[in-house]
Structures are given as structure tokens and as C-alpha cells.
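Everything on this sheet refers to the single structure shown next.
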Protein chains: 2
Amino acid sequence: MPSLLTIGRIAKLAEVNIETVRYYERRGLLPAPPRTVSSYRLYGDQSVARLRFIKQAQALGFTLEEIGELLALRVDAETSCDVVRQRAERKMADVAEKIRSLQAIQGALAELIAACALGGPEGECPFLASLEKQPIVKETEQ
Amino acid sequence: MPSLLTIGRIAKLAEVNIETVRYYERRGLLPAPPRTVSSYRLYGDQSVARLRFIKQAQALGFTLEEIGELLALRVDAETSCDVVRQRAERKMADVAEKIRSLQAIQGALAELIAACALGGPEGECPFLASLEKQPIVKETEQ
DNA sequence: ATACACCCTGTACTATACTACAGAGTCAAG
DNA sequence: CTTGACTCTGTAGTATAGTACAGGGTGTAT
């Protein structure tokens, strides 16, 4: 029995502002829910999960636009399985990359903590070394 | 021999806008570099690494303020080892949490791809199930 | 000695993601 | 049947993180 919730209710449950819920609806991130005769929105509890997912994905550096793309990943009349799989695989690569970056930062923090334990106070920041990425950049002039 | 770079140079190397470099300086994320007699900024190449780190951390959902805190993690005259270690450990927890969230999303994407391979088209989005987090929320009224 | 690409400061504009009203209607309790 | 908490739409304001000039100086290649 999926309970019906007002906008104030889901906002509180998902720990977001009421206005944010309406904003996400405008942005197309939250489907427009059914209304009462007096135009009150009535949500099911999957909406709460959806709101939490959005918040969480944002904290991971996804923009609302990207989050919309993630949430839209489903097979339907307009979208074949193949297309969905391709998109999902691209997102997977993004996510894997983010995980790698976070692990690098984790490593740098561990190093910092370890160095601290040894009592050897530091000068330079270990983060800068933690990200040996595309160091090759072609210079067009001297 | 650490080469000396103008602002335009490091901006290009780090793939950011020149104005962004100056903005980070104002924000205190990038130390004010030495200047030539004619007030041109001259950077060493660690500045490029720093810019890249900032960009990367942003893509992981850290705000510039949080990035500043990360970059400030070092032992010096004002900050004891103990304090630095404590802060680093708190950041570690944040990072670990982010990694867990990303792994949940990764799992949901894998599920989606797998379901697709089985030819079973989907209705509901697997992400919503991927984040069984604080589901306990106390309600003060009925 | 002048053209062109570069740099300076300062201020103003932009995009994204909210957040806060104003003014009006709704609903439940006493 | 009214009071207080809630909801509605619409519009405007805010914070964060840039980005874009204007107006002026610099550096060097021809």
C-alpha cells in the first residue's frame, strides 16, 4: 500500500526544501504527480527515493542535467535496449573514472596521515602528486 | 629546473580560463605568485598540478571551499600534526562515502546493462533501489 | 617605431541550482 | 466558522563559480 504524501511531507522525508521539489518538477527530474481536486500534488514514496538519489548524485559532482540522463535510462517505446546499454556503458566509464580519482585522493590522505604518524611534519601537499593524469600537452609555440 | 610560466601558459596547460586562474588566486586556492617588474605573474609548474587538482576535485562534488580545506592540509607553525591528522581522517570518511555511493550507482548501471542483455525491457529505474540509506525518519505527527 | 599578442586591475555579466516571497486558495481542529 | 498550517502559481532574489569586457600597460619581431 503505497502511501500518498503531500509535497511538504516528501520534502521533509527527503530533507530538501519544498521549493526544490517544485523546481525539480519544472526541470523534469521529478515526474509531475497526480493532483487532488484542489491542485495539491500527491506523491508516492518512490518520489522520496528519487529525491534522495538526486541529492546524492549531486554530491558526487553530477549536474542536474546528467542526473536527468541517468534517471532517463530505461527501455521504452522510443528507446531500444541497445541504445540504453550504450548510454549506460558510457555512464559506467564516467563513474569508474570518478572512483579512480577519489581513490587517488584517498591515497594522498592516507599518505598524509602516515607521514603525520611518523612525526615528520610536511611542507608540500601530497595531492598534487596524486593525479598524474594527461601530463602531455602539446605546445604550439616555443 | 622549474620553468617559469606566465598566466596564459599555466591556463593553457591546465585547460582552464585565464580569468579562472586569477579567480582562484582571489579565492585563496592558488597562492599569489611572484611578479615580474611589470607585475606579470610567474608560476612554477606545481601551479599547473594544483589547477588540475582543483578541477578534478570539483568534478567529484567538492566545493571550492572544501578543496581549499584539502589543499590546506599540512603541518606548519599554526597547525599541529594531531590537528592535521584529525582533519585528514574526516576527509577520508567523506571520500570513502563518496566511493560507496558511486559503487552503488555502478552496481545499478551494471544491473541495467545486464537486464538489457537478457532482452527484458525495463519499466522502473534501478537507481532508486540503489541507495537504501537513512530510511528511518521520525514523523512527529500521525 | 609600430603592430600584435600578451598581461594588468577593476567591474559587470552569466549559468546553475536553488530559495524566498506575494497573493490567493485549502483543510482540519476546536 | 474561524484560525493556523498547509498548498497553489508566478516572479524575484541569492550563492557559487566562473567569464567577459573596458581601459590601459608590456614585450618583441619586423
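Worth knowing before you read on, the calculation uses all heavy atoms, side chains too, and leaves out hydrogens, waters and symmetry mates. Please read these numbers as outputs of a predicted model, since none were measured by experiment.
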Worksheet item: Among residues 57-68 of chain B, which residues get a heavy atom nearer than 4.0 Å to DNA chain D?
Response: Gln58(B), Thr63(B), Leu64(B)

Discussion item. Is it the case that the side chain of Arg50(A) and the backbone of Leu29(A) share a donor-acceptor pair, with hydrogens and angles ignored and the cut-off at 3.5 Å?
Written reply: yes

Worksheet item: Step by step, would you call Gln103(A) with Ile99(B) a side-chain contact (heavy atoms from CB on, under 4.5 Å)?
Response: CA-CA 8 Å; Gln103(A) 281 167 345; Ile99(B) 291 175; 3.8 Å; yes

Response to the item:
In whole angstroms, the gap separating P of dC18(C) from CD of Glu15(A) amounts to 15 Å

Item to complete: Kindly say whether Leu60(B) contributes a backbone atom to a donor-acceptor pair with the side chain of Lys98(B) at under 3.5 angstrom?
Response: yes

Worksheet item: Within this structure, what is the CD-to-P distance between Glu19(B) and dT16(D), rounded to whole angstrom?
Response: 21 Å

Discussion item. Expressed as a whole number of angstroms, how long is the span from Glu25(B):CD to dT9(C):C1'?
Written reply: 12 Å

Fill in: Stepwise salt bridge (charged side-chain N to carboxylate O under 4.0 Å, His left out) check, Arg41(A) with Glu25(A)
CA-CA 11 Å; Arg41(A) 291 167 179 81; Glu25(A) 183 178 323; 2.8 Å; yes

Discussion item. If hydrophobic clusters are built by linking Ile, Leu, Val, Met, Phe, Trp and Tyr wherever their side-chain heavy atoms come under 4.5 Å apart, do Leu64(A) and Phe62(A) end up in the same one?
Written reply: yes

Item to complete: Verify, without hydrogens or angle tests, whether Arg74(A) (side chain) and Leu71(A) (backbone) share a donor-acceptor contact under 3.5 angstrom.
Response: yes

Worksheet item: Where the side chain of Glu15(A) meets the backbone of Lys12(A), is there a donor-acceptor pair that is under 3.5 Å apart?
Response: no

Worksheet item: Which whole-number value in Å describes the distance from Tyr23(A) OH to dT19(C) C1'?
Response: 11 Å

Fill in: Interatomic distance, Leu51(B) CG vs dA17(D) P [rounded to whole Å]
15 Å

Discussion item. OP1 or OP2 of dT7(D) versus the side-chain N and O atoms of Thr6(A): is any pair under 4.0 Å?
Written reply: yes

Worksheet item: Is any side-chain N or O of Arg26(B) closer than 4.0 Å to OP1 or OP2 of dT19(D)?
Response: no

Worksheet entry | Tyr43(B) and Leu30(B), any side-chain heavy atoms less than 4.5 Å apart | yes

Item to complete: Take atom CD1 of Ile18(B) and atom C1' of dA5(C), then tell me their distance rounded to the nearest Å.
Response: 11 Å

Discussion item. Among residues 27-40 of chain A, which ones have heavy-atom contacts with DNA chain C below 4.0 Å?
Written reply: Arg27(A), Ser38(A), Tyr40(A)

Discussion item. From CG of Asn17(A) over to P of dC21(C), roughly how many Å is that when rounded to an integer?
Written reply: 11 Å

Response to the item:
Here the distance between atom C1' of dC6(C) and atom CZ of Arg41(B), to the nearest Å, is 13 Å

Discussion item. Please determine whether a side-chain nitrogen or oxygen atom of Tyr24(A) lies at a distance below 4.0 Å from atom OP1 or OP2 of dC18(C).
Written reply: yes

Practice prompt. Let me know, please, whether Thr20(A) or Arg22(B) comes out on the 5' side of the other along DNA chain C by nearest nucleotide.
Written response: Arg22(B)

Item to complete: Run the numbers on Glu69(B) and Lys91(B) for salt bridge (charged side-chain N to carboxylate O under 4.0 Å, His left out), then give the verdict.
Response: CA-CA 9 Å; Glu69(B) 285 164 22; Lys91(B) 295 294 179 191; 2.7 Å; yes

